[in-house]
Structure formats: C-alpha cells, structure tokens
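The structure under discussion appears below in the form of structure tokens.
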Amino acid sequence: MISNILCVLKNTKIMYKKKAERRIINMENHKRDITKFLNVKLKEDYLLLLHKDEVVAKIPLKNKEELMLFSNYEIKGDKVYKKSENPSMVESYVESCDLGWC
C-alpha cells in the first residue's frame, strides 16, 4: 500500500515537472502582435521604431528632403510640424449658465 502511494507521488512529481517544462517552452515560442503599439521617432539621419521605450529598429534616412510629406506638414531638425490656421478662441464651452454654474 505504501509503495503504491510512493509510486503515485513519484509519478505526480514527474508529470508536474513535464508540465513546467512545457510551460517554459511555450513561453519561448510565444509571439504577441505589438504593431499597433509602435511609435516612430525622427532623428537627424534615421528613424527609430519603438515599442514603449525599447528600440525595435533603426531605419536609416539618406536624405530627409526625399520624404514625401503631405502639404500641411513640415520637418525641421528632428521635429515634425503640422501647419494649421490660427485656432479661434472660444468664449465659453457651455451656454446659458448662471455665473458659470450649469
């Protein structure tokens, strides 16, 4: 009886070890799509592709002037600017308020 229990316990440990090894193997082979979380930083002669603060890739730029920008954007140094009309000032974002309380 005791030998049967010891045999079961020994087999349980082996099965648990195999499950843990499978879990480690699965984590090594696991891939997660991070495409929508990528950011790009413009540098003087290259683009940095980033995931959070980790560099994913460095894309060299031969000449920034060769970048095809849409008409309402411009590049100066390592900054990208969007051209826009002067924003209109809004007096109040709500109407019909008594002393500012709505």
Test: side-chain hydrogen bond (donor to acceptor under 3.5 Å, both in side chains). Region: residues 35-45. Which pairs qualify, not counting sequence neighbours? Asp33-Thr35

Taking salt bridge (Lys or Arg N to Asp or Glu O under 4.0 Å) as the definition, give me every residue that meets it alongside Lys58, ordered by chain and number, with sequence neighbours left out. none

Lys83 meets the salt bridge (Lys or Arg N to Asp or Glu O under 4.0 Å) criterion, sequence neighbours left out, with Glu74

Same cluster or not: Ile59 versus Val56, using hydrophobic residues (I, L, V, M, F, W, Y) connected whenever any side-chain heavy atoms lie under 4.5 Å apart? yes

Distance check, rounded to the nearest 0.5 Å: Asp78 atom CG versus Leu47 atom CG? 11.5 Å

Under the 4.5 Å side-chain heavy-atom rule for ILVMFWY, direct or indirect, which residues accompany Tyr46? Leu48, Leu50, Val55

Sorted by chain and residue number, the side-chain contact (heavy atoms from CB on, under 4.5 Å) partners of Asn72 (sequence neighbours excluded) come out as Phe70, Lys82

